[in-house]
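Let me begin by presenting the structure, written as structure tokens, before commenting on it.
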Amino acid sequence: MLRSQFVLFLVVGGVAAAANFASRIAFNHWIGYAWAVTLAYCIGMATAFALNRLFVFKHSSQAVHHQAIWFVVVNLFALAQTLAVSVLLAKVVFPRVGFAWHPDSVAHLVGIMLPLVSSYFGHKYLSFRH
């Protein structure tokens, strides 16, 4: 089971998500929430690219620069999802429903998890295809 490509993708994604999440907290000390989410996404994306190349999609026949270009394209789509959900939850939904337990962090976590499946297929068939 642990050798399954999707499971490895989820593990790598978990490591990249942790880098994303932790860096957003750090960035949030100096910049606003939306910018912190965006910059943190870049940290997570760089981490994910390196780990996916090494462990998940290591048999790709694509040149590294093609992998990187498609990786960025797929992740721009995922970033749009992450940013929209994170900001919508943290700044609109949670205040309206009275959710006050670390709303920025919970919203960001939900935003990070949302594009998991679409990103996997995007990377499998575009970024790291055989």
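Within the 4.5 Å cutoff, the side chain of Phe9 has heavy atoms near those of the His123 side chain. The shortest side-chain heavy-atom distance between Tyr120 and Phe6 falls under the 4.5 Å cut-off. You'll find the side chain of Phe128 reaches within 4.5 Å of the side chain of Phe49, heavy atoms only. Residues Phe21 and Ser105 meet the side-chain proximity criterion, which asks for heavy atoms closer than 4.5 Å.
The CG atom of Leu114 sits 11.5 Å away from atom CG of Leu109, with the distance rounded to the nearest 0.5 Å. The line from CZ of Phe121 to CG of Leu116 is 12.0 Å long, rounded to the nearest 0.5 Å. Distance check: Gln81 CD to Ser118 OG gives 4.5 Å after rounding to the nearest 0.5 Å. In this structure, CG on Asn52 lies 12.5 Å from CE on Met45, to the nearest 0.5 angstrom. Within the model, atoms OG1 of Thr82 and CG of Asn75 stand 8.5 Å from one another, a figure rounded to the nearest 0.5 Å.
A chain of hydrophobic side-chain contacts below 4.5 Å, direct or via other Ile, Leu, Val, Met, Phe, Trp or Tyr residues, connects Tyr125 to Phe71. Taken together through direct or relayed side-chain contacts under 4.5 Å among Ile, Leu, Val, Met, Phe, Trp and Tyr, Val15 and Leu10 form part of one hydrophobic cluster. Hydrophobic clustering (side-chain heavy atoms under 4.5 Å, transitive across Ile, Leu, Val, Met, Phe, Trp, Tyr) keeps Met113 apart from Phe94. Put simply, Val74 and Val12 are part of two different groups of oily side chains (I, L, V, M, F, W, Y) that touch within less than 4.5 Å, one to the next. No path of Ile, Leu, Val, Met, Phe, Trp and Tyr side chains, each step under 4.5 Å between heavy atoms, connects Leu83 with Ile112, placing them in separate hydrophobic clusters.
The minimum heavy-atom distance linking Ala16 with Gly44 is given by the pair CB-O, 3.4 Å. Shown here for Lys124 and Phe57, the closest heavy-atom pair between the two residues is CA-CE2, 3.8 Å. Closest approach of Ala107 and Leu89 over heavy atoms only: CB-CB, 3.6 Å. Taking all atoms of both residues into account, the shortest heavy-atom contact from Ala19 to Thr47 is CB-OG1, 4.0 Å. In this structure, Gln5 and Val56 approach most closely via the heavy-atom pair NE2-O, 3.4 Å. Tyr41 approaches Ala78 most closely through the heavy-atom pair OH-CB, 2.9 Å.
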### Message
side-chain contact (heavy atoms from CB on, under 4.5 Å), that's the test. Do Phe27 and Ile43 meet it? Break it down for me.
### Response
CA-CA 11 Å; Phe27 287 139; Ile43 300 294; 4.0 Å; yes

### Task
For Trp70 and Arg129, run side-chain contact (heavy atoms from CB on, under 4.5 Å): C-alpha distance rounded to whole Å, both residues' side-chain angles, the deciding distance at 0.1 Å, then the answer.
CA-CA 10 Å; Trp70 277 110; Arg129 69 180 178 262; 4.1 Å; yes

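Counted within 6.0 Å of CZ on Phe99, heavy atoms from surrounding residues, nucleotides or ligands total more than 12; the atom is thus considered enclosed.
Note on ring orientation: taking the six-membered ring where Trp is involved, the planes of His108 and Tyr33 are perpendicular (angle over 60°, cut-offs 30° and 60°).
Qualifying side-chain hydrogen bond (donor to acceptor under 3.5 Å, both in side chains) partners for Ser60, counting only residues two or more places apart in sequence or in other chains: Gln67.
Considering Asn28, Ile31, Asn20 in turn, Ile31 is the only one that fulfils the side chain to side chain contact (heavy atoms under 4.5 Å, CB included) rule with Leu39.
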